[in-house]
Student: 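Input: one structure, supplied below.
Whatever order the structure lists them in is the order used to number ligands and atoms, beginning at 1. Just the heavy atoms: all of them, side chains too, but no hydrogens, waters or symmetry mates, feed the values below.
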Amino acid sequence: MTQDSKDEKKVVRGLEDVVAAETSVSYVDGVHGRLYYQGYDIHDIAEEMTFSEVVLLLWNGGLPTRAERDRFSSEIVADMRLPSQVVDMLKLTPPTSHPMAVLRTAVGMLAHFDPDVEDISPEANRRKARRLLAQIPTIIADLHRIRYGLPLLSPDPNYGVSSNFLYMLRGTPPTELERKAMRLLMVLLSDHGLNASTFTARVIASTLSDMHSALAGAIGSLKGPLHGGANERVMEMILNISDVDMVKEYIEGMLENRQRIMGFGHRVYRTEDPRATHLRRYSEMLCEANGQRSLYEISRRIEQTVMEAKGIYPNVDFYSATVQHAIGIPPEYYTAIFAASRAAGWIAHIMEQYANNRLMRPTSKYTGEIGLPFVPIDQR
Ligand SMILES: CC(C)(COP(=O)(O)OP(=O)(O)OC[C@H]1O[C@@H](n2cnc3c(N)ncnc32)[C@H](O)[C@@H]1OP(=O)(O)O)[C@@H](O)C(=O)NCCC(=O)NCCS
């Protein structure tokens with residue numbers, strides 16, 4: 001390659017607006033603030049469909065019947081147990097390890113106990129997909145209970161996937177409102193176009209590596225504060241503020257120091273994130289129900305202050321923080337809950353990638369020197 005052709009390459013920083021894959025799994029319309037799962041508007045399905053129903057929609061591309069959904073939900077619940085070696089590993093991790101770091105290791109470890117791990121045929125992938133979707137919530141619930149010295153719980157066959165997740169984590173039967181909130185959260189977080197972690201999963205699948213590797217990579221990508229890690233920092237900020245009258249000064253201080261307000265802004269949405277609309281409603285209902293309305297009031301005031309100062313809208317992470325706080329999930333698990341939901345979308349994308357694969361291998365613009373004279377080590 002000549003020096004000239006090397007320099008002509010145009011770098012698209014952050015790959016913004018680069019079209020890297022074709023998908024029918026979900027569509028994010030950033031201009032109008034709309035999100036579609038396999039063609040269905042999130043506003044129509046968010047509060048109507050169960051998580052298992054949405055998983056079938058994402059994986060198969062059509063609305064399942066009640067019988068299909070109920071059978072699938074029972075199959076997942078039946079698959080929620082972990083190999084004992086994985087539970088032992090959870091017990092060995094230091095309490096200072098972030099749950100997302102433990103989840104990444106645990107998903108990698110599950111691969112060693114999955115009889116289909118190296119088989120990437122569609123049939124084997126379906127079996128692995130169902131097991132992974134079932135086992136990820138159990139890893140998170142068990143880790144939490146191990147760290148708090150609580151007994152581990154088995155799934156309750158009377159509950160679906162999202163209610164079981166909440167039940168196994170907290171150990172108390174969720175109320176009707178809490179069940180709906182957990183279901184909504186998992187439905188809303190289950191897919192979102194070609195975001196960073198989904199892209200990571202697709203890149204790994206494009207090498208024809210296995211599903212466990214693709215999910216472990218996606219978990220690592222979601223962990224970052226510019227992606228899934230923002231929700232934990234949102235709750236930290238809200239709890240730090242503690243009084244609605246402190247909001248303006250606190251937020252303006254952050255902006256003066258050029259700090260990012262977590263839970264605001266989005267690469268694609270130019271208007272309100274449609275997921276925030278539903279979560280705001282639930283945040284209010286839940287905070288009201290458990291006597292913590294002030295947390296909702298603080299959130300609303302933050303939203304107003306950021307809008308006035310920067311014209312930036314809240315994203316999915318902002319109200320998901322108070323929703324999770326209100327249903328008793330400790331903040332350090334928020335991103336892991338996100339991962340358990342997003343696993344549905346990652347798997348749909350991985351299967352789509354395998355079905356129509358081309359190795360993902362972009363290029364880079366070389367900015368270093370070329371042709372430097374080599375000096376042997378004893379002459380340097
Ligand atoms: C999500 C995010 C990374 C998208 O960023 P992006 O598309 O790369 O947008 P940019 O970083 O180019 O930001 C554009 C402008 O908005 C500002 N901005 C964007 N998000 C902001 C935020 N959360 N707080 C304060 N300012 C923000 C930037 O400072 C920049 O302003 P400037 O042009 O005056 O410097 C960004 O909005 C962010 O860091 N948000 C906080 C983290 C978060 O909530 N992540 C979860 C995403 S779902």
Side-chain angles (χ1 to χ4, degrees), residues 11-20 26-31 33-35 42 46 98 100 184-201 218-241 247-280 283 298-325 331 334-342 345-346:
V11 177
V12 182
R13 292 189 72 234
L15 303 183
E16 197 160 351
D17 293 330
V18 171
V19 180
S26 66
Y27 171 53
V28 184
D29 176 351
V31 175
R34 306 303 279 258
L35 170 63
I42 199 71
H98 192 280
M100 282 294 277
L184 174 77
L185 189 70
M186 293 196 72
V187 164
L188 290 177
L189 293 173
S190 56
D191 200 50
H192 204 246
L194 200 61
N195 54 81
S197 57
T198 302
F199 181 52
T200 308
I219 291 166
S221 173
L222 185 71
K223 182 169 174 282
L226 295 188
H227 192 5
N231 50 18
E232 298 179 12
R233 289 166 170 84
V234 170
M235 202 60 230
E236 215 172 274
M237 170 176 74
I238 294 172
L239 293 174
N240 252 340
I241 293 179
V247 169
K248 207 169 153 43
E249 196 185 325
Y250 189 99
I251 296 296
E252 286 177 354
M254 280 183 80
L255 292 173
E256 268 162 36
N257 291 328
R258 302 196 63 78
Q259 280 175 273
R260 298 229 157 181
I261 316 296
M262 290 294 132
F264 285 86
H266 202 273
R267 176 61 64 81
V268 184
Y269 290 120
R270 292 294 156 251
T271 178
E272 173 151 311
D273 181 333
R275 301 166 298 176
T277 316
H278 296 272
L279 289 167
R280 185 191 289 111
S283 167
I298 291 172
S299 310
R300 285 295 278 167
R301 188 67 68 84
I302 296 175
E303 188 183 347
Q304 201 185 337
T305 312
V306 176
M307 178 50 75
E308 279 166 14
K310 297 280 292 184
I312 299 176
Y313 295 88
N315 58 48
V316 68
D317 287 313
F318 189 63
Y319 283 104
S320 76
T322 36
V323 164
Q324 293 184 81
H325 179 81
Y334 293 178
T335 317
I337 305 273
F338 190 160
S341 320
R342 186 55 59 83
W346 290 333

Student: Can you list the residues that meet the side-chain hydrogen bond (donor to acceptor under 3.5 Å, both in side chains) rule with Glu272, with sequence neighbours excluded?
Tutor: Thr277, Arg280
Student: Going from OG1 on Thr305 to CD1 on Ile251, what distance comes out if it is rounded to the nearest 0.5 angstrom?
Tutor: 6.5 Å
Student: Is the closest side-chain donor-acceptor distance between Ser197 and His227 under 3.5 Å?
Tutor: yes
Student: At a 4.0 angstrom heavy-atom cut-off, what protein residues surround ligand 1?
Tutor: Pro225, Leu226, His227, Ala230, Leu255, Arg258, Arg260, Ile261, Met262, Gly263, Phe264, Gly265, His266, Arg267, Lys310, Ile312, Asn315, Asp317
Student: Quick check: does any side chain N or O of Ser26 sit under 3.5 Å from a backbone N or O of Gly193, one acting as donor and the other as acceptor?
Tutor: yes
Student: Please collect all salt bridge (charged side-chain N to carboxylate O under 4.0 Å, His left out) contacts where either partner lies in residues 225-236, sequence neighbours excluded, each pair once.
Tutor: none
Student: For Glu256, check side-chain contact (heavy atoms from CB on, under 4.5 Å) against everything at least two apart and list the hits.
Tutor: none
